[in-house]
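As the structure is a prediction and not an experimental result, all values here were calculated from the model. First the proteins, then the strands, lettered A, B, ... as listed; each starts at 1.
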There are 2 protein chains.
Amino acid sequence: MSERASIRDVAVRAGVSPTTVSHVLNNTPGTRTSEKTRARVHAAAAELGYSANAVARALRTRRSDSVGFVGDEIATTPFAGKLILGAQEVVRQHDGVLLVTNTSYDAELENREIRELLSRDIDGVLYAAMYHRVVTVPASLHAAPVVVLNARTNDDRSWVSPDEYAGGEDAAQVLIDAGHRRLAMIGNADPIPAASGRPAGFLARAAAAGIPSEDVTVVYVSPTAGHAAEAAMRLLDRPDRPTGLFCFNDLMAMGAYNSARRLGLRIPDDLSVVGFDDLAILSAAVDPALTTVALPHLEMGAWAAEQLYVEIAARATGQPSPVRHAELRGEVVHRASVGSPPR
Amino acid sequence: MSERASIRDVAVRAGVSPTTVSHVLNNTPGTRTSEKTRARVHAAAAELGYSANAVARALRTRRSDSVGFVGDEIATTPFAGKLILGAQEVVRQHDGVLLVTNTSYDAELENREIRELLSRDIDGVLYAAMYHRVVTVPASLHAAPVVVLNARTNDDRSWVSPDEYAGGEDAAQVLIDAGHRRLAMIGNADPIPAASGRPAGFLARAAAAGIPSEDVTVVYVSPTAGHAAEAAMRLLDRPDRPTGLFCFNDLMAMGAYNSARRLGLRIPDDLSVVGFDDLAILSAAVDPALTTVALPHLEMGAWAAEQLYVEIAARATGQPSPVRHAELRGEVVHRASVGSPPR
DNA sequence: CCGACCTGCCAAACCGATTTACCGGGTCGC
DNA sequence: GCGACCCGGTAAATCGGTTTGGCAGGTCGG
């Protein structure tokens, strides 16, 4: 273990001082070193398999090349993994490392974790929510660069969230493209951004396609498969039923699937269904596989990490943090639940 | 940012030396300090909101209170989150922090990530697989404490994996308890531990319950919903069909669901189905909700972290690492896909 | 020929903790 | 009354890097 080479070892082997080794290996701007010496240093470092001790460096430079990822729940959705992965790819390019913590919606725990991160001189934090909502960044983070991920905030901080409106538009477009002219949406009655954005986009696109407003229905229910099933039952159990149905999320689409089955409606022959979220495990496994609007988790994670590095760099040069916001559009994943309208 | 109090600030305020502050705050064994002084130090630390800089401490002690979590894929399954969460709870109790990395089954990337972790003086690493298999710990980790998580290894290292045999037993028991006497299993033809363990336990328990061997069938197919559906078709499309069906995993159970539906068999009235994995999103959403054997991810994560800390402590005192192995039993999650056998 | 300036390199300070080694002063035993 | 020992505490070294502030020696312009 302890046989790791230090900068002194490299210096001795190259016949120079540690200062020079540091300058050469870091390409420190404003320093000069002859080509010959540079070569000797590089050779010595390579022979010893030297790589700088990140802890020592962090102590001196007050920069640890590590960023914290504080999430509210990491265990129950596959979303967390995608957010983390997207962020990680960017962090890796910066030779950094991700410190992941989970707060379980527990404010006290969150503060303890944040202290723990701060005591490690992290360069910044990604403050992530597992579903799109409005968060407030804890006061303990006031001094650190922070980007809010998969959420928005009223604090003066950068954030990135899904473009819910565009998602609603895209869902409508899928149905319209398939030829549907009688549409419905089972929405979410909760007061969260997605619950208003998705139907707004859906309605707008339907209107833009010239579908009369009496031919597109939106109902709002509690976001469970059970409530969605009831809503679908009411929506579908009549002769002039919609032929294209957009559900607030994939889980609710499963409720619609069940109701359709009970009513003897085949998907996609009698009814086309579009979901939201792209819970891949679920939507690819059911029969028929569910066409759905994916959430751009990978992209959001990457965007947030990029932005965080921008803010970290700004702070390093003493400039104010450039606050930015983004709403990213998800892609439609075409599977088998959408077809032409009946007859 | 830079207004964080240092140990010197505390020392000045308490009118003592940094040495004493360190002794008091860490309760360093073998040192003596008067009650009065201790009180002053604690008061000063509290007033300044002091907490030690973890980077400086790590540099001096060569112990960073951080452990690496290196996983092969973190984005595609909800398993990763549970493994991480289980580990994290233990790590947190040790005032540590988890550095999460993802290798995407890419050996070169893996080595880069490991170097990155090692350069940060991590205390040990959790080497995690997302599905139970046999792994070999990369050579670059030879000097560090390592516990293999959700996998086993032939290297001389600790590991923890699911008890596949017990899972197979439990699945059989669920069906037997419900009264079934004609059983089948759709197994996995891949050469992985789960593929042999689960059927072995299943068969053993069926035999123990006195079910004649000609009444329990096991077939092995490629682990996809499609292949499982075909297998289910063959298994179920005859009069003496089994009434209780165990599927290698939840995804394959979905295939069986589809075939049952095609054959006009109702679940659980005509056919009872037990899955494996407890992909909660999936199994709770389908109709009927799937009874399944859960994988003990949380518990494995916690076990691995505990064991890692044992090995870290051993190393600190110069003892050899106590290598241990564990196979943890998952719990049966009872939902709605198991009922009494028909008639 | 002198001073200014450049080149190439290094010694020492520093980051913030822990750990080692030691030091006054009081107590105790004899 | 003297050495041994305990008590409560501190100064300085240390971990492994980076950064600051120079310092020889050579070159160049005037």
> Between A:D106 and A:E108, what is the shortest heavy-atom contact and its length?
Replying inline: OD1-N, 2.9 Å
>> Is it true that, when you exclude B:Q319 itself, more than 12 heavy atoms of the residues, nucleotides or ligands shown sit nearer than 6.0 Å to its CD?
In response: yes
> Just by distance, do the side chain of A:D72 and the backbone of A:T103 share a donor-acceptor pair under 3.5 Å?
Replying inline: no
>> Classify B:T33 by what it touches in the nucleic acid, base, sugar-phosphate, or nothing, heavy-atom distance under 4.0 Å.
In response: sugar-phosphate
> What are the bounds, 5' to 3', of the part of DNA chain D that sits under 4.0 Å from heavy atoms of chain B?
Replying inline: D:dC7 to D:dG16
>> Using heavy-atom distances to pick each residue's nearest nucleotide on DNA chain D, tell me which of B:E35 and A:P18 is more 5'.
In response: B:E35
> Should A:V160 and A:L149 count as side-chain neighbours, where that means a heavy-atom distance under 4.5 Å?
Replying inline: yes
> Please, which pairs that meet side-chain hydrogen bond (donor to acceptor under 3.5 Å, both in side chains) have at least one residue in residues 296-314 of chain B, sequence neighbours excluded?
Replying inline: B:S158-B:Q307, B:S158-B:E311, B:Q307-B:E311, B:Q307-B:R324
>> Considering every strand and a 4.0 Å limit on heavy-atom distances, what is the contact class for B:T20: base, sugar-phosphate, or nothing?
In response: base
> Tell me, which pairs form a ring pair (Phe, Tyr, Trp, His ring centres under 6.0 Å) where one or both residues lie in residues 105-130 of chain A, sequence neighbours left out?
Replying inline: none
>> Taking A:E116 first and then B:R92, would you say they form a salt bridge - that is, a charged N and a carboxylate O separated by under 4.0 Å?
In response: no
>> Tell me the bend of the helix from C:dC1-D:dG30 to C:dC30-D:dG1 as the angle between end helix axes, each from five pairs, rounded to the nearest 10 degrees.
In response: 50°
>> Run the side-chain hydrogen bond (donor to acceptor under 3.5 Å, both in side chains) test on A:S64 and A:D121 for me, step by step, so that the C-alpha distance in whole Å, both residues' side-chain angles and the decisive distance to 0.1 Å come before the verdict.
In response: CA-CA 6 Å; A:S64 60; A:D121 274 0; over 6 Å; no
>> What I'd like to find out is whether the side chain of A:R112 reaches to under 4.5 Å of the side chain of A:R115, using heavy atoms alone.
In response: no
> Start at the 5' end of DNA chain D and walk down; is the nucleotide closest to B:R60 or to B:S34 reached first?
Replying inline: B:S34
> When you list every nucleotide of DNA chain C with an atom under 4.0 Å from a heavy atom of chain A, which one comes first 5' to 3', and which comes last?
Replying inline: C:dT7 to C:dG16
> Do A:L85 and B:I74 come close enough that some side-chain heavy atom pair is under 4.5 Å?
Replying inline: yes
> Quick one: does B:V41's side chain get under 4.5 Å of B:H23's, heavy atoms only?
Replying inline: no
>> B:V21 vs B:V16, test: side chain to side chain contact (heavy atoms under 4.5 Å, CB included). Steps then yes/no.
In response: CA-CA 7 Å; B:V21 175; B:V16 299; 3.7 Å; yes
> Across the strands shown, which category fits A:V16 at heavy-atom distances under 4.0 angstrom: base, sugar-phosphate, nothing?
Replying inline: sugar-phosphate
>> Could you check whether A:D163 pairs with A:R329 (Lys NZ or Arg NE/NH1/NH2 to Asp/Glu carboxylate O, under 4.0 Å)?
In response: no
>> Heavy atoms only, 4.0 Å cut-off, all strands: where does A:S6 land among base, sugar-phosphate and nothing?
In response: sugar-phosphate
> Between residues 22-32 of chain A and DNA chain D, which residues have a heavy-atom gap below 4.0 Å?
Replying inline: A:S22, A:H23, A:N26
